[in-house]
Amino acid sequence: MKLSFLSRQLLILGAICVVTFICFQYTQYNQFTNWDDDFYVTHDKYITSFSKENLKVIFTEDITKNNYHPLCMLSLAVNYHFSQLDPRGYYLTNIFIHIANVILVFFLMAALCRRLKADDTSILFIAGLGALWFGVHPMHVESVAWIAERKDVLYAFFYFAGMHTYLRYINEDKKQWVWYAVTFLLFVASCLSKPMAVVFPFSILCLDVLLKRTWSKRLIAEKIIFFLASLVCGSMAFYTQNKTGAIAAFNTLSIFERIMYAGYGYMMYISKLFNPTYLSTFYPYPFRYTSGYLHQVFYFAPLFAIASIALPLWYTWTKKREYFPVVAFGIGYFVANVMFILQFVSVGAAIMADRYSYVAYFGLLFLLFYLLNEVRKRFPAAKMALLGLLLLASGGLAYGCYQRTFVWHDSESLLTDAIEKYPFKKDPDQPHDGKNTGIAALSYKWRGNYYLEKGELDKALEDYDVLLVVRQADAKVLERMAVIYAAKKDYQKSMELFDRSLDEQNNVYKTYLDRSLVFLEIGDTVKALKDYVISCQLNPKSEQIMSDSSFLAVQRQAFDAALSRYNMLLKLNTNNPFFYFYRGVALYSKGFVESAIADWEIAVKFNNADTRKAASNNLCVAYDGIGDAKRALYYLDIAIATGNTPKPEFAAGIREKAKNAK
């Protein structure tokens, strides 16, 4: 029985979705990384509940300090509601949104083919292979396997859905303006998921070119509201990025350098569509050779970019006019979706990123398979060979996609992969890859942070040392190195690094706070107090951090450190009963019983139920230990009154001793 066209569509689409899930299925077993997942999830208090205050912050503030994308954060809040800090739910959500995007891409390509009067076989060929490559392309792993990049798959969902409804708007006479309104709402939702959606108006203009809509005042007027919304969203994104220091000063790069790097990025995005190897989470700007020049590829790149745009358009316009709308659409759509991330304006420390291809590749994939379908129709004898080659290439992409998901398993595997691709090179004129393509400095930094959090100090120091050598160690890196050297008891080196950190940035409270702790360790209480005071002036939270550090020292039985820290805390704040109580614990543990009793006597007088309960119990035990039965009985009664339940034999013993003492 011959299957209907719809059945064949659904069968092919179902197979594509299954293959896509298989390629990404390992992702669900990955962990959170320190590559922004902390800002988006693990350290983000605003996604932990749907309280009115949290929702207000999500929709009115830039809580990740890099972009305003409330719908992305809201989706992560939904994940947190069901999964808390189990990463599997977050990854599965990314995978399912990606599969939804694969479905949208399939039907969008099919709809475009239908408008271009393609036959059923051509529709299945173009939409099937286009959706398959979109689903399993290794360049798209970053968008799916990175929790913080939820914004990418989410904005793409609304983006592609908006393109669908735009087609309905221009195709239908009835309810036309309903589809127009829905398209605009989907566009806004896309912008609220990720500001990269601001180029949507250019994408629908490309659709107008593909479908040969007549240029008119109406065609232009209907885009005005889209461009106005783009201007607002784009301005907000620029302001946010600039405020956080992500946008480099314009004089950082010359005009010629900007053109070279933009051309290189454009060339690499096209290259990696066909050869997605040597992928990395971080593509650094290149170093110059000692001669002052870059590798020749950077000088060639702008010419390639111009030629790859101009020549196909010129050729089809002059020789193959019937293909011009398709070529103009494919190239125009791609250019529109990468033009703001080609580093004409330098944003961030990377020259390109895999995730920026996620939506942009739609145009190139449609163009590629449209032209290959023309080859298939023109040379029917070769169609099986062509299909075999395409399936073989698709299998290679799927395998590369599956393997790439393992790289994203955790912070160490992710950052190590980038470092292996762009390692530190002692001789910049003898680079590892034949090009002077720079060093993954940020990867060294974040892997160092990962090792530091894991307590692997030597590994962290090794990564930070690389940043020192290449002069990319910022104030935070220097401060962390200083803390590591202090932990290794190399106090001279530690102080040198603290000084260098403060020379770089002298208004960081944590640097002063950490240095004050090191001063305490070496016994310089005067300088310790001075740094602690500065830290408190810069950030009132310093006291709580010092308090937590002091309590941790007590728990670890590092009583000397605890004593020095509580002494300093009490010099600035004598109204905290916990400071007295825990200093008393440290003193008692060191054998200074009378001094401990003095601190507990102060703590028990505060109107604080917790310290009164704990201190009275400790005073009872301490006074019993030094033979003062009357005072022991006095505090026993207070302890019982505040909720303590001493062992009956202990209480009876105290009462007997007190009775005999009379």
Side-chain angles (χ1 to χ4, degrees), residues 45 48-49 51 53 84-85 513 516-517 520-521 525 528-529 532 536 540-662:
K45 64 181 180 181
T48 57
S49 75
S51 67
E53 180 60 30
Q84 281 73 55
L85 291 180
L513 188 62
S516 74
L517 293 173
L520 285 176
E521 286 188 38
T525 56
L529 181 60
Y532 176 61
C536 289
K541 292 181 180 178
S542 296
E543 181 182 86
Q544 185 59 51
I545 296 171
M546 180 64 78
S547 175
D548 293 342
S549 170
S550 305
F551 176 68
L552 188 61
V554 172
Q555 286 187 313
R556 292 177 175 174
Q557 299 184 0
F559 299 117
D560 288 329
L563 282 173
S564 61
R565 294 173 191 184
Y566 279 119
N567 286 339
M568 188 165 67
L569 282 165
L570 285 165
K571 284 183 179 180
L572 293 187
N573 184 359
T574 58
N575 295 316
N576 191 313
F578 292 97
F579 296 168
Y580 289 104
F581 176 77
Y582 286 112
R583 187 174 70 171
V585 172
L587 287 166
Y588 189 84
S589 301
K590 292 280 292 179
F592 302 118
V593 179
E594 291 185 0
S595 297
I597 288 174
D599 271 356
W600 289 334
E601 290 272 17
I602 297 172
V604 81
K605 294 176 183 177
F606 279 90
N607 186 26
N608 183 286
D610 292 331
T611 53
R612 186 171 173 78
K613 178 180 178 180
S616 60
N617 183 73
N618 286 9
L619 284 165
C620 175
V621 173
Y623 275 119
D624 180 53
I626 63 174
D628 192 337
K630 290 184 178 180
R631 297 295 291 173
L633 178 60
Y634 173 76
Y635 284 110
L636 174 66
D637 291 337
I638 295 176
I640 293 172
T642 56
N644 282 296
T645 54
K647 292 182 178 180
E649 58 270 25
F650 174 77
I654 294 293
R655 296 188 188 283
E656 183 64 27
K657 291 177 185 178
K659 181 179 179 181
N660 293 335
K662 291 180 180 179

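Note that the coordinates shown come from a computational prediction; the quantities given were computed from them, not determined experimentally.
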Tell me every residue that passes salt bridge (charged side-chain N to carboxylate O under 4.0 Å, His left out) with D624, counting only those two or more places apart in sequence or in another chain. K657
Kindly write out the residues that satisfy salt bridge (charged side-chain N to carboxylate O under 4.0 Å, His left out) with E521, not counting sequence neighbours, or none if the list is empty. K489
Under the side chain to side chain contact (heavy atoms under 4.5 Å, CB included) test, residues paired with [X] that sit two or more places apart:
{"X": "A652", "answer": "none"}
{"X": "S49", "answer": "S51, N54"}
{"X": "L85", "answer": "F32, V41, T42, Y80"}
{"X": "S542", "answer": "Y509, L513, S535, C536, N539"}

With sequence neighbours excluded, residues passing side chain to side chain donor-acceptor pair (under 3.5 Å) with N567: R583
Is the gap between the ring centers of W600 and Y588 under 6.0 Å? yes
Going by the salt bridge (charged side-chain N to carboxylate O under 4.0 Å, His left out) test, which pairs reach into residues 610-623, not counting sequence neighbours? none
Listed once per pair and sorted, the salt bridge (charged side-chain N to carboxylate O under 4.0 Å, His left out) pairs that draw on residues 553-576, sequence neighbours left out: D560-K590
Quick one: ring-ring contact (aromatic ring centres under 6.0 Å, His included) partners of F551, sequence neighbours excluded? Y582
What residues, two or more places apart in sequence or in another chain, satisfy ring-ring contact (aromatic ring centres under 6.0 Å, His included) together with Y634? none
Tell me which pairs pass ring-ring contact (aromatic ring centres under 6.0 Å, His included) where either residue lies in residues 553-580, with sequence neighbours left out. none
For salt bridge (Lys or Arg N to Asp or Glu O under 4.0 Å), just list the numbers for R631 and E601, CA-CA rounded to whole Å, side-chain angles, deciding distance to a tenth of an Å, and then say yes or no. CA-CA 11 Å; R631 297 295 291 173; E601 290 272 17; 3.3 Å; yes
